[in-house]
Amino acid sequence: MGTRTQRRRPELAAFLRTKRARVTPADVGMPPGLRRRTPGLRREEVAQLSGVGVTWYTWLEQGRPINASPQVLDAVARTLRLDPPEREHLYRLAEVPFQPAAESLVRQVSPEVQGIIDALDPMLAVVYNSRYDVLATNAGYRDLFLIPETLRIGVPNVLWTLFTLPEGTCPLVHRETELPLMVATLRSSYGRHVGEPAWEEYIRGLSAASPWFAELWASGAVAPPGPRVKTFRHAAVGRMRMTSQSLSIDGMPECRIVVYSADDEDTRAKIALLREHRERLWPPVREEGALETVRG
């Protein structure tokens with residue numbers, strides 16, 4: 001048994017004991033009984049309610065080197081009334097690959113997160129989930145990307161927009177290298193959602209809308225998100241080189257804030273120009289209306 005396993009097993013034992021102690025018999029519809037030395041459940045009661053053997057559960061709580069399946073851990077998690085972060089912690093301690101609950105994609109942001117990305121202006125900022133749905137944007141992002149061509153697509157999803165825009169109006173300059181990388185990043189997230197109806201329908205729909213996406217998806221390439229230098233085009237100011245950086249968000253699994261900052265002085269000046277003439281350059285795109293369009 002490796003050093004990491006040796007360290008995790010005592011943590012797992014302590015975690016299970018703590019969570020068992022907080023669940024009362026009344027919480028699970030059992031009579032309190034007599035001579036109960038603890039207000040929480042007994043080990044045999046957890047085993048019975050979880051559908052596992054008493055000896056197996058005892059060994060698990062003692063931190064012995066036994067194997068646990070996701071199905072059994074889920075049953076124990078339900079009995080101990082673990083919330084999603086606690087369930088994930090249980091998986092980590094038991095060294096079992098964690099799978100989020102089905103259809104768990106976040107679809108909105110809190111006012112606090114919106115305030116953070118608004119405060120980053122003039123840097124461009126957007127909140128994506130793992131499927132590249134656009135959950136929130138700031139004014140700088142809308143200056144560059146919410147042009148009439150992208151608004152006409154009418155789908156609040158970056159990949160759907162980029163793959164269905166005519167090449168000449170796509171804001172990504174080097175789409176032949178950038179879009180395959182984005183599809184590979186999407187596939188790395190898809191592994192956690194295989195078989196979920198919303199994800200499968202999304203993949204089928206985008207494959208039907210874009211033969212190129214279908215070809216890239218069939219290649220099976222996988223890549224994690226990471227910092228990139230990208231070149232964008234805007235009809236009013238021309239080309240702009242930007243560095244993108246992804247930041248995770250506590251309490252929003254599989255979501256990230258992506259911030260675009262100018263990679264050179266020319267781009268910095270163009271961002272300032274777009275900001276200064278925000279209403280004049282694109283009168284059809286108002287901040288409030290644009291955000292409504294993005295959120296869907």
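Atom-to-atom distance recorded for L60:CG and N67:CG is 10.5 Å, nearest 0.5 angstrom. Summarising the geometry, atom NZ belonging to K230 is positioned 14.5 Å from atom CE belonging to M240; distances are rounded to the nearest 0.5 Å. Between atom NZ of residue K19 and atom CG of residue L82 there is a gap of 7.5 Å, rounded to the nearest 0.5 Å. Taken to the nearest 0.5 Å, the CD atom of E196 stands 11.5 Å off from the CD1 atom of I203. To the nearest 0.5 Å, atoms NE2 (H89) and CG (L12) are separated by 8.5 Å. Here Q114 contributes atom CD and L135 contributes atom CG; the two are 10.5 Å apart, rounded to the nearest 0.5 Å.
Side-chain contact between L49 and L41: present, with at least one pair of heavy atoms (C-beta onward) separated by less than 4.5 Å. Using a 4.5 Å heavy-atom cutoff, the side chains of Y202 and L186 are in contact. Taking the side chain as every heavy atom from C-beta outward, F163 and L216 approach each other to under 4.5 Å. Within the 4.5 Å cutoff, the side chain of W56 has heavy atoms near those of the V72 side chain. Residues V126 and V134 are in side-chain contact: their nearest non-hydrogen atoms beyond the backbone lie under 4.5 Å apart. With a 4.5 Å cut-off on side-chain heavy atoms, S130 and H193 count as touching. With a 4.5 Å cut-off on side-chain heavy atoms, L172 and F232 count as touching. Put simply, the side chain of R204 reaches to within 4.5 Å of the side chain of E200, judged on heavy atoms.
Other residues, nucleotides and ligands contribute more than 12 heavy atoms inside 6.0 Å of the CG atom of D83.
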Can you check side chain to side chain contact (heavy atoms under 4.5 Å, CB included) on L73 and R87, steps first, answer last?
CA-CA 8 Å; L73 288 181; R87 177 176 172 268; over 6 Å; no
What do the steps show when you test R187 against V222 for side chain to side chain contact (heavy atoms under 4.5 Å, CB included), and what is the final call?
CA-CA 6 Å; R187 183 174 281 280; V222 177; 3.7 Å; yes
Please assess L93 against L16 for the test side chain to side chain contact (heavy atoms under 4.5 Å, CB included), listing each intermediate value before the final yes or no.
CA-CA 10 Å; L93 293 178; L16 289 172; over 6 Å; no
Stepwise, does the side chain to side chain contact (heavy atoms under 4.5 Å, CB included) test hold for L179 with M182?
CA-CA 5 Å; L179 289 186; M182 293 177 71; 3.9 Å; yes
Run the salt bridge (Lys or Arg N to Asp or Glu O under 4.0 Å) test on D266 and K270 for me, step by step, so that the C-alpha distance in whole Å, both residues' side-chain angles and the decisive distance to 0.1 Å come before the verdict.
CA-CA 6 Å; D266 180 61; K270 289 175 178 178; 3.1 Å; yes
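The backbone N or O of T24 sits less than 3.5 Å from a side-chain atom of D27, completing a donor-acceptor pair. Of the possible polar contacts, one joining the H234 side chain to the D143 backbone as a donor-acceptor pair under 3.5 Å is found. A donor-acceptor pair is defined here as one N or O able to donate and one able to accept, closer than 3.5 Å; such a pair exists between the side chain of Y91 and the backbone of P70. With Q245 contributing its side chain and P227 its backbone, the two residues share no donor-acceptor pair below 3.5 Å. Panel note: side chain S210, backbone L206; no donor-acceptor pair is recorded below 3.5 Å.
Look at E11 and R8 and you find no salt bridge, because none of the NZ, NE, NH1 or NH2 atoms lies under 4.0 Å from a carboxylate O.
When every heavy atom of N138 is checked against every heavy atom of I117, the shortest pair comes out as ND2-O, 2.8 Å. Considering all non-hydrogen atoms of both residues, S50 and V76 come closest at OG-CA, 3.6 Å. A pairwise comparison of heavy atoms in V96 and A68 identifies CG2-O, 3.2 Å as the closest pair. Looking at every heavy atom in both residues, R20 comes nearest to L80 through CA-CD2, 3.7 Å. Taking all atoms of both residues into account, the shortest heavy-atom contact from P180 to R175 is CD-O, 3.5 Å. Shown here for C170 and L162, the closest heavy-atom pair between the two residues is SG-CD2, 3.8 Å.
The aromatic ring centres of Y190 and W217 sit less than 6.0 Å apart.
Stacking of R256 on the aromatic ring of Y132 is recorded, both the 6.0 Å distance cut-off and the 45° axial limit being met.
The hydrophobic clustering, which links ILVMFWY residues whose side-chain heavy atoms are closer than 4.5 Å, places W212 and V183 together. Hydrophobic clustering (side-chain heavy atoms under 4.5 Å, transitive across Ile, Leu, Val, Met, Phe, Trp, Tyr) keeps L247 apart from V229. F145 and L181 fall into different hydrophobic clusters, where Ile, Leu, Val, Met, Phe, Trp and Tyr residues are linked whenever their side-chain heavy atoms come under 4.5 Å apart, directly or through other members. Using a 4.5 Å cut-off between side-chain heavy atoms of Ile, Leu, Val, Met, Phe, Trp and Tyr, with links allowed through other members, Y57 and V54 fall into different hydrophobic clusters. Hydrophobic clustering (ILVMFWY, side-chain heavy atoms < 4.5 Å, transitive): V173 and L165 are in distinct clusters.
Residues N157 and Y128 bring no donor and acceptor atom of their side chains to less than 3.5 Å of each other. Looking only at atom types and distance, the side chain of R142 has a donor-acceptor partner in the side chain of T137 under 3.5 Å away.
Ring orientation note: the planes of Y260 and Y141 are tilted relative to one another, at an angle of 30° to 60°.
Among R268, R241, R239, the single residue meeting the salt bridge (charged side-chain N to carboxylate O under 4.0 Å, His left out) criterion with D263 is R241. If you run salt bridge (charged side-chain N to carboxylate O under 4.0 Å, His left out) between E86 and each of R22, R81, R92, only R22 comes through.
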